[in-house]
There are 2 protein chains.
Amino acid sequence: MVDVADTPDPGGEQAQPSPAVTGAGVQSVDRALGILEVLARTGESGVTEIALELGVHKSTAFRLVATLEAHRLVEQTADRGRYRLGVGILRLAGATTARLDLVQEARPIARQLAADTGETVNIAVLSESSALYLDQVAGSSALQSHNWVGQHIPLHATSNGKVLLAGLDDDGLEAVLGTLATYTSRTITGLPELRAELARVREQGFAVAVDELEVGLTAVAAPIRNAHGDVIASMSVSGPSFRLPEEQVEEVVRRAVAAAVEVSHRLGWGHR
Amino acid sequence: MVDVADTPDPGGEQAQPSPAVTGAGVQSVDRALGILEVLARTGESGVTEIALELGVHKSTAFRLVATLEAHRLVEQTADRGRYRLGVGILRLAGATTARLDLVQEARPIARQLAADTGETVNIAVLSESSALYLDQVAGSSALQSHNWVGQHIPLHATSNGKVLLAGLDDDGLEAVLGTLATYTSRTITGLPELRAELARVREQGFAVAVDELEVGLTAVAAPIRNAHGDVIASMSVSGPSFRLPEEQVEEVVRRAVAAAVEVSHRLGWGHR
DNA sequence: AGACTGCGTTTCGTCAAGCGCAACACCGAC
DNA sequence: GTCGGTGTTGCGCTTGACGAAACGCAGTCT
């Protein structure tokens with residue numbers, strides 16, 4: 001057919017081989033997924049707002065959103081309203097965690113641990129330079145308490161994070177650690193101090209964080225290992241500091257370590 | 001050519017048993033989301049398999065998968081391996097659950113249930129070896145029972161409690177159960193009888209309690225589940241026994257179960 | 001060993017699918 | 001009323017996505 005190259009290639013203007021900053025493959029899909037991320041960040045947005053954020057036209061954003069809506073990944077608040085993430089995400093997330101034998105094996109034990117201690121139990125893995133929470137079992141009260149699943153948490157200021165860091169070698173540590181942000185007066189911000197703390201964690205087989213991420217929040221964590229002995233995840237018990245005084249932390253640590261060991265066994269660690 | 005979405009029809013797109021993509025919208029996005037659904041169903045698939053399932057060419061499927069991978073929504077098992085859902089899904093889910101509150105999602109449905117039955121509706125969760133009532137919607141009748149919100153109620157003598165217990169495994173059951181106090185002559189006090197009753201509850205998907213906590217008080221309850229299928233709460237309809245004769249209980253049970261299922265769906269429970 | 005078959009991956013020319021534009025319906029505020 | 005804002009919808013044009021075929025690599029059968 002006609003070669004309507006109105007804008008001919010101006011001489012040697014090679015197309016940049018990697019023009020896409022976002023690592024784009026299929027662009028419309030890329031944009032659609034961008035919409036999901038925008039909604040995850042903002043919680044709720046209108047079509048115009050989304051279009052602005054993505055740098056595309058309103059109508060484009062609308063069509064993408066409509067497609068996402070057909071799959072229940074987003075939903076609109078009113079008949080003529082803004083959009084937010086929908087339940088389809090949750091169904092996919094359920095399938096994601098169901099697939100992870102880690103979560104499968106850990107869940108009953110986590111539940112038992114939560115029942116024994118009366119506090120919230122979390123399971124986290126290392127992901128993209130932070131701790132990603134895979135699963136959570138609420139403790140005594142407040143099943144509606146804040147859900148951390150899917151959240152990214154700083155590594156140096158949490159018991160889970162310290163356990164995960166302690167499982168890395170020096171190279172891995174350097175690759176993962178960024179700047180050590182300060183959250184409270186007790187947050188470990190110096191690299192030497194952190195290394196010392198990690199050595200202690202490695203030696204004693206658990207980590208404790210009191211008021212390091214948030215004042216009044218105490219957490220203990222223990223490593224979960226795979227068949228090779230690598231630390232692949234961390235299991236934590238956390239609650240308000242007043243409910244977890246020092247003498248009780250010992251008992252909680254004992255239970256948490258035992259639970260983590262049990263999960264590790266189920267994953268094939270130290271068999272026979 | 002194909003008319004894109006003659007009518008958006010946001011309601012009737014379910015129950016397409018064939019893996020064929022749902023249709024309307026931006027085609028490539030539609031296919032990409034189809035891939036997510038395929039992976040959610042199969043747990044793990046190769047490019048060729050996905051392409052076959054979607055009815056597209058291998059290369060097309062690959063490009064879509066690669067785009068999804070760039071956003072961490074899928075990941076491949078090995079360097080040259082199959083694909084499965086990734087952690088990006090969990091991050092999105094975190095943003096979704098952040099706004100999902102059990103009480104908030106359940107209240108409109110509970111209100112409808114109360115209106116339909118004319119009786120009081122309660123929502124309870126497991127907390128510290130008893131049932132904690134989170135919310136209550138009064139029925140239409142003048143005869144009101146007192147407000148139970150915030151109260152801790154014995155697990156073995158209420159319909160809500162039995163539903164919550166039925167959601168536990170044996171270990172959890174043992175951890176939670178104390179002594180089975182006697183409230184009326186119909187209270188279940190023997191552990192074997194309770195186990196049998198819980199098995200029945202588990203099988204039929206609801207619980208009934210007549211005069212077990214208090215003479216003259218009848219209640220039915222159905223489980224509310226999260227995305228993993230765990231029983232996280234229980235929704236009950238309760239009223240004076242004389243207003244809930246046996247033949248009417250059937251109808252109330254049907255409504256209560258339907259309401260609980262609806263709430264579960266809003267919380268991401270699959271299985272339409 | 002070698003041929004063969006399967007996989008995931010890459011390249012490339014073609015064409016229709018998706019894009020931006022602009023107009024639309026609708027709502028609330030000045 | 002007008003204006004500015006929203007989400008929504010046709011419509012041509014072109015860009016971006018598609019399918020066919022080739023490629024590199026691992027197993028596996030002969």
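Every chain is numbered from 1, with letters handed out A, B, ... down the list of sequences. None of these values were measured; they are calculated from a predicted model.
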Worksheet item: Do Ser236(A) and Asn160(A) have side-chain N/O donor and acceptor atoms under 3.5 Å apart?
Response: yes

Practice prompt. Please state how far atom CG in Leu68(A) lies from atom P in dG18(C), giving the value in whole angstrom units.
Written response: 13 Å

Worksheet item: Does OP1 or OP2 of dT9(C) have a side-chain N or O of Tyr83(B) closer than 4.0 Å?
Response: yes

Response to the item:
His57(B) atom NE2 is separated from dT11(C) atom P, nearest whole Å, by 16 Å

Worksheet item: Which whole-number value in Å describes the distance from Glu75(B) CD to dG8(C) C1'?
Response: 17 Å

Discussion item. Can you tell me if Arg63(A) touches the phosphate of dG18(C), counting only side-chain N or O atoms and a distance under 4.0 Å to OP1 or OP2?
Written reply: no

Practice prompt. Send over the distance from Leu64(B) CG to dA17(D) P, rounded to a whole Å.
Written response: 9 Å

Fill in: Gap between atoms CG and P, on Leu54(B) and dA17(D) respectively (whole Å)
16 Å

Practice prompt. Round to a whole Å and report the spacing from CZ of Phe62(A) to P of dC21(C).
Written response: 18 Å

Worksheet item: Could Arg41(A) and Glu53(A) be called an ion pair, given the rule that one side-chain N must be under 4.0 Å from one carboxylate O?
Response: yes

Worksheet entry | Pair Glu75(B) + Arg82(B), salt bridge at N-O below 4.0 Å | no

Worksheet item: If you count the non-hydrogen atoms of other residues, nucleotides and ligands that lie under 6.0 Å from CZ in Arg107(A), is the total more than 12?
Response: yes

Discussion item. I want to check one thing: is the phosphate of dC19(C), taken as OP1 and OP2, less than 4.0 Å away from some side-chain N or O of Arg31(A)?
Written reply: yes

Discussion item. Check this for me: does any side-chain nitrogen of one of Arg266(A) and Glu262(A) sit under 4.0 Å from a carboxylate oxygen of the other?
Written reply: yes

Worksheet entry | Distance in angstrom units between Arg82(B) CZ and dG8(C) P, rounded | 8 Å

Response to the item:
The residue, Ser59(A) or Thr60(B), whose nearest nucleotide of DNA chain D is more 5′ is Ser59(A)

Worksheet, complete the sentence: Lys58(A) atom NZ is separated from dC21(C) atom C1', nearest whole Å, by 11 Å

Discussion item. Whether Gln27(B) contacts dC15(C) is assessed here as follows: a side-chain N or O lying under 4.0 Å from the phosphate OP1 or OP2. Is that the case?
Written reply: no

Discussion item. By nearest heavy atom, map Thr48(A) and Ser28(A) onto DNA chain D; which one lands nearer the 5' end?
Written reply: Thr48(A)

